[in-house]
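In this chain, residues are counted from 1 in sequence order. Note that these values count all heavy atoms, side chains included, but never hydrogens, waters or copies made by symmetry.
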Amino acid sequence: MSSDPIREIVVDDTDSQLSYKGNWKVDNGTILDNVGLYGPIFNETSHGASESGSSVNFSFVGTSITVYGTNQTLPDFGWECLIDNVRVIDMPKPPQVDNNWKLCGATSMREDTHSIAINVLSASNSGTLWIDYFRYTPLANATFNGDVTIHVPSSDPGIKYSAGWSTFGAFASVELAHYSQSLNANVEFTFVGEL
C-alpha cells in the first residue's frame, strides 16, 4: 500500500506566524494581480518593503522552505535571505517582472525547527521587495491546530489526468503546470478534507 506524499504547507504573507519589522505596505491585488505571466498574487495580498532595515521572519518545523513573491530586476535594490542564519543565494531573475516567483529557499534540511529571514539591505526609490507566501515541507507526523493550506502541485502523484493534457513551465523559479485545450479532457484528485 502506497502512502500519500508529504505535501507542502502554504503560509500567506498575512499569517500571524510571520514577524515583520520596519516599513511594509500591503497590496490587496490592485498593483500586482496583473503582473507577469504566472498568475495573480496568492490570496489577493502581498507585503512589500523598499526601506533598508525592513525584514520578515518565520520559524517552522520541517525539511524544506521556499519564499515566493514578485521579482524585480533592479540594480539599486539589495536584499538577503537567511536560513538558520546562513545566507542563501536567491533564484535567477527573469527579464520581466513576475508573480509567484521563487525568491529563495532550501531543501534537504534536517528534521528540526528552522528559521528564515528576509532582510532589505539597501533602500530603493524605484522598486519594492514583494513577499507573497512561504511554502515548507512539514515532518511526516506533523499535526496542526486550526486550518492550514496544503499545496498540491500539478505533478502530484494523487492527480490523475485523462488524455489530452500537456505541460508548461518547469523553469528553475517556476513550477511545472498542466493544461488542456482538448474537449472532454478531465482531471481527478482524491482527498480527505474540505474545499
Side-chain angles (χ1 to χ4, degrees), residues 8-107 109-110 112-138 144 146-149 151 171-175:
E8 292 178 313
I9 303 298
V10 181
V11 178
D12 193 27
D13 66 292
T14 59
D15 195 293
S16 62
Q17 298 175 82
L18 303 179
S19 174
Y20 289 94
K21 294 181 181 172
N23 190 13
W24 290 83
K25 57 187 173 185
V26 177
D27 176 40
N28 293 315
T30 56
I31 299 171
L32 299 174
D33 262 1
N34 296 314
V35 169
L37 304 172
Y38 302 113
I41 56 178
F42 179 71
N43 242 6
E44 297 183 344
T45 61
S46 189
H47 272 69
S50 56
E51 292 184 10
S52 178
S54 298
S55 66
V56 58
N57 295 276
F58 174 55
S59 293
F60 65 99
V61 178
T63 58
S64 74
I65 182 81
T66 306
V67 182
Y68 291 80
T70 302
N71 70 352
Q72 292 194 351
T73 53
L74 300 167
D76 64 340
F77 193 68
W79 61 278
E80 67 179 355
C81 177
L82 303 173
I83 298 177
D84 296 334
N85 296 314
V86 176
R87 187 166 197 231
V88 297
I89 298 172
D90 54 319
M91 300 301 272
K93 295 170 182 63
Q96 75 279 348
V97 177
D98 276 309
N99 291 327
N100 299 300
W101 197 259
K102 293 178 186 177
L103 298 175
C104 65
T107 60
M109 302 167 75
R110 70 185 184 286
D112 205 346
T113 300
H114 301 280
S115 64
I116 184 166
I118 309 294
N119 301 313
V120 177
L121 301 175
S122 60
S124 172
N125 293 324
S126 58
T128 300
L129 174 63
W130 290 102
I131 302 295
D132 193 5
Y133 56 96
F134 295 72
R135 281 197 337 225
Y136 74 95
T137 305
F144 302 95
D147 295 336
V148 296
T149 300
H151 174 69
F171 307 111
S173 290
V174 178
E175 222 171 69

key: 4.5 Å side-chain heavy-atom contact, Asn99 and Tyr38   = no

query = Lys102 versus Tyr68: any side-chain heavy-atom pair under 4.5 Å?
reply = yes

query = Taking the side chain as C-beta and beyond, is there a heavy-atom pair between Ile131 and Leu129 under 4.5 Å?
reply = yes

message = If we check side-chain contact (heavy atoms from CB on, under 4.5 Å) with Tyr133, which of these qualifies: Asn100, Val67, Val11, Asp15?
response = Asn100

ask   = Which distance, rounded to the nearest 0.5 Å, do you find between the CG of Asn34 and the CD1 of Ile31?
value = 12.0 Å

query = Do Phe58 and Ile116 touch side chain to side chain, with heavy atoms closer than 4.5 Å?
reply = yes

inquiry  = With rounding to the nearest 0.5 angstrom, report the OG to CG distance, Ser46 to Asp132.
reply    = 4.5 Å

message = Whether the side chain of Trp79 engages the backbone of Ser52 through a donor-acceptor N/O pair (distance < 3.5 Å, no angle test) should be reported.
response = no

task = State, yes or no, whether a side-chain contact exists between Leu82 and Ile118 at a heavy-atom distance under 4.5 Å.
result = no

message = If we check side-chain contact (heavy atoms from CB on, under 4.5 Å) with Ile65, which of these qualifies: Met109, His114, Arg135?
response = Met109

ask   = If we only count heavy atoms from C-beta on, is the Phe144 to Pro138 side-chain gap below 4.5 Å?
value = yes

ask   = Can any side-chain N or O of Asn71 pair as donor or acceptor with the backbone N or O of Trp101 at less than 3.5 Å?
value = no

remark   = Here the gap from Phe42 atom CZ to Thr14 atom OG1, rounded to the nearest 0.5 Å, amounts to 8.5 Å

key: Flag, side chain of Asn43 to backbone of Thr45, donor-acceptor distance under 3.5 Å   = no

key: Test side chain to side chain contact (heavy atoms under 4.5 Å, CB included) applied to Val97 and Thr70, step by step   = CA-CA 7 Å; Val97 177; Thr70 302; 3.6 Å; yes

request  = Look up atom OG in Ser59 and atom CD in Gln17, then write down how far apart they are to the nearest 0.5 Å.
outcome  = 9.5 Å

message = For a side chain to side chain contact (heavy atoms under 4.5 Å, CB included) check, start with the C-alpha distance between Asp98 and Val35, then their side-chain angles and the critical distance, and finish with the verdict.
response = CA-CA 6 Å; Asp98 276 309; Val35 169; 5.8 Å; no

ask   = Are Ser115 and Asp84 close enough that some pair of their side-chain heavy atoms sits under 4.5 Å apart?
value = yes

query = Does the side chain to side chain contact (heavy atoms under 4.5 Å, CB included) test come out yes or no for Asp33 and Ile41, once each step is laid out?
reply = CA-CA 6 Å; Asp33 262 1; Ile41 56 178; 3.2 Å; yes

task = Supply the atom-to-atom distance Glu8 CD to Ser64 OG, rounded to the nearest 0.5 angstrom.
result = 5.0 Å

request  = Run the numbers on Ser54 and Trp24 for side chain to side chain contact (heavy atoms under 4.5 Å, CB included), then give the verdict.
outcome  = CA-CA 7 Å; Ser54 298; Trp24 290 83; 3.7 Å; yes

message = Applying salt bridge (Lys or Arg N to Asp or Glu O under 4.0 Å), can you list everything that pairs with Glu44, at least two apart in sequence or on another chain?
response = none

inquiry  = Given 3.5 Å as the limit, does a donor-acceptor pair link the side chain of Thr137 with the main chain of Thr63, or not?
reply    = no

remark   = Result for side-chain contact (heavy atoms from CB on, under 4.5 Å) between His47 and one of Asp12, Thr128, Asp13 points to Asp13

inquiry  = Can a side-chain donor-acceptor contact be found between Asp27 and Thr30 if the only test is distance below 3.5 angstrom?
reply    = yes

ask   = So do the side chains of Phe134 and Leu18 get within less than 4.5 Å of each other, counting heavy atoms only?
value = yes

